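Step one of this worksheet: look at the structure below.
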Protein chains: 2
Amino acid sequence: MAAAGAAPARTPARGRQRASHSLDTVLGEAIAILDESGEPALTFRALAARLGGGVASIYWYVSSRDELLEKATEEVMGRVLVETEPLVHGPDPIANVRAIAVALFDEFVRRPWFGQFMLRNSGMQPNSMAMFERLGQQLMRLDLTPRQQFHAVSSIVSYVVGVAADLAEPPPKEFLESGLTRSEFLEVLGQRWRELGPERFPFAHHVAGEMAVHDDLDVFRSGLDLLLDGLRLQAERGAGASDAAP
Amino acid sequence: MAAAGAAPARTPARGRQRASHSLDTVLGEAIAILDESGEPALTFRALAARLGGGVASIYWYVSSRDELLEKATEEVMGRVLVETEPLVHGPDPIANVRAIAVALFDEFVRRPWFGQFMLRNSGMQPNSMAMFERLGQQLMRLDLTPRQQFHAVSSIVSYVVGVAADLAEPPPKEFLESGLTRSEFLEVLGQRWRELGPERFPFAHHVAGEMAVHDDLDVFRSGLDLLLDGLRLQAERGAGASDAAP
DNA sequence: CCATCGTATCGAACACCGTTCTACGAGGGT
DNA sequence: ACCCTCGTAGAACGGTGTTCGATACGATGG
């Protein structure tokens with residue numbers, strides 16, 4: 001997928017001809033629109049205009065908008081798989097999982113639509129499956145039951161995709177209208193939390209400063225580490241220990 | 001919110017009159033549609049038909065579809081807050097967090113649209129804020145820095161909402177068309193994983209059986225426990241320990 | 001009892017979306 | 001030269017959220 005053959009792209013220059021596409025150009029332009037303007041901007045009409053053709057032509061390559069997004073995510077996930085391949089060879093499997101998860105998250109941050117759609121997907125396309133497999137292979141090296149491994153991989157993937165999808169949401173319009181920078185706006189929000197008062201909102205009051213200066217990537221990594229610390233603990237206890245709460 | 005005053009509901013019976021609404025009835029019927037038929041089914045036309053009135057009337061109470069969903073989620077979150085209030089008084093703060101998270105997740109399972117929209121939200125409505133506060137107050141009882149507390153609550157919320165949003169997606173149409181029961185379909189999927197072969201897909205092969213019999217609630221709880229185990233570990237190390245990776 | 005005025009309801013229209021139908025060009029094989 | 005398949009494309013359909021202007025209701029004040 002990520003390494004497909006070259007495509008004819010466009011008709012050469014021979015007089016006035018009709019537009020000529022290929023699955024690769026369609027996917028490429030679709031991804032370009034998604035990257036530039038986000039998921040809602042990917043309409044068949046916008047894509048057709050970009051391809052210099054008619055709307056209905058797209059349906060020759062793709063049978064619905066969902067399938068278009070599906071193929072686009074598969075394509076991107078394929079690239080991530082290639083990029084993260086070197087990360088599986090470290091000695092500590094949990095460190096490897098961490099590295100892969102962070103890399104995946106990075107891509108989600110770079111392409112918000114990607115994380116958004118991974119969530120919508122049942123996640124059973126080949127490349128998503130391969131990512132699941134890759135994480136799972138690391139966990140196979142730990143002393144865990146199959147059930148524990150299955151649960152752990154599922155949880156990690158859910159966490160990564162969940163946080164990414166959360167971050168993918170467009171910022172509140174109050175921010176867009178304010179014209180403030182990100183950190184200025186966070187400072188305003190922090191101040192608002194501080195003013196909530198320590199009686200009824202002791203926690204918000206207490207962490208207002210953290211809220212005001214927080215970095216999304218730090219928050220993500222910190223939660224991921226909690227998850228992986230718990231996992232390490234579970235592995236140290238060994239596969240015999242109970243999987244359920246007391 | 002959750003306990004608002006009674007509404008006039010509908011005009012009595014005096015001849016042929018025009019419909020009469022109120023914010024409460026609008027929200028109530030909207031939630032009813034969402035519960036019965038899911039988020040895409042909530043259209044202004046469907047809602048208007050249900051209210052026995054015209055489409056444009058709804059705009060008197062709500063200025064957009066997003067605001068309608070926002071108010072609906074606030075309403076439901078208000079109810080969850082009331083229901084989970086008793087859970088904050090246990091001796092172990094982490095156990096309390098667990099109980100609250102599970103209750104919240106239950107509501108997300110009961111109302112898929114609720115989790116879906118919580119994700120879309122910046123989560124800064126009063127009742128969402130109150131839920132954040134409630135979880136945070138528990139964590140304030142642990143020996144953690146404000147930053148660790150802030151990160152932990154954010155991660156837990158992200159995890160809960162993320163898994164819920166994942167589960168909220170409609171099942172693949174292959175399942176709907178198959179006419180199989182859930183467990184029968186899972187068995188088919190498990191078999192498919194098993195057949196992937198242990199050479200190229202050792203992990204999928206290895207956990208195929210777990211996949212075939214897994215329960216979504218178990219998977220959720222198991223990941224939540226990993227997260228909370230990591231958190232407990234962090235608290236035991238004390239607030240002095242480093243928050244970042246070495 | 002009537003005129004007034006703000007509140008609330010509603011029908012019709014607009015712009016846009018995904019999708020489908022149908023017709024029509026271009027190129028290669030025979 | 002023909003045909004036949006592969007792609008392209010215009011126009012339309014049914015649906016959506018949203019807006020506009022007209023209109024009715026119900027309380028208020030004379």
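Below, read A as the first sequence line, B as the second, and so on, with proteins coming before strands; counting in each chain starts at 1. Quick caveat, the model's predicted, so the values are computed rather than measured.
Rounded to an integer number of Å, the gap from B/I33 CD1 to D/dG17 C1' is 15 Å. Atom pair B/Y61:OH and C/dT7:C1' shows a separation of 9 Å (rounding to whole Å applied). Between A/I58 atom CD1 and D/dA9 atom P there is a gap of 10 Å when expressed in whole angstrom units. Straight-line distance from the CD atom of B/E39 to the P atom of D/dT16: 13 Å, rounded to whole Å. Distance A/L23 CG to D/dG7 C1': 14 Å, rounded to the nearest Å.
In this structure B/Y59 satisfies the ring pair (Phe, Tyr, Trp, His ring centres under 6.0 Å) test together with B/F44, sequence neighbours excluded. Listed by chain and residue number, B/F150 satisfy the ring pair (Phe, Tyr, Trp, His ring centres under 6.0 Å) test with A/H214 (two or more places apart in sequence, or in another chain). For the ring pair (Phe, Tyr, Trp, His ring centres under 6.0 Å) test, residues two or more places apart in sequence or in another chain that qualify with B/F175 are B/F185. The ring pair (Phe, Tyr, Trp, His ring centres under 6.0 Å) check on A/W193 picks up B/F132, with sequence neighbours excluded.
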> Tell me, for nucleotides 12-21 of chain C in 5' to 3' order, what letter each nucleotide earns: B for a base near a protein heavy atom under 4.0 Å, S for only sugar-phosphate near one, - for neither?
Replying inline: -B---BBBBB
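Legend: salt bridge (Lys or Arg N to Asp or Glu O under 4.0 Å) pairs involving residues 176-188 of chain B, not counting sequence neighbours, sorted by first then second residue: B/R182-B/D216.
Close to D/dT8, at under 4.0 Å from its OP1 or OP2, lies no side-chain N or O of A/W60. For A/S57, no side-chain nitrogen or oxygen approaches OP1 or OP2 of D/dG7 to under 4.0 Å. Contact annotation: B/H21 side-chain N/O to C/dT7 OP1/OP2 distance is not under 4.0 Å.
The existence of a salt bridge linking B/E29 and B/R50 is confirmed by a sub-4.0 Å separation between a basic side-chain nitrogen and an acidic carboxylate oxygen.
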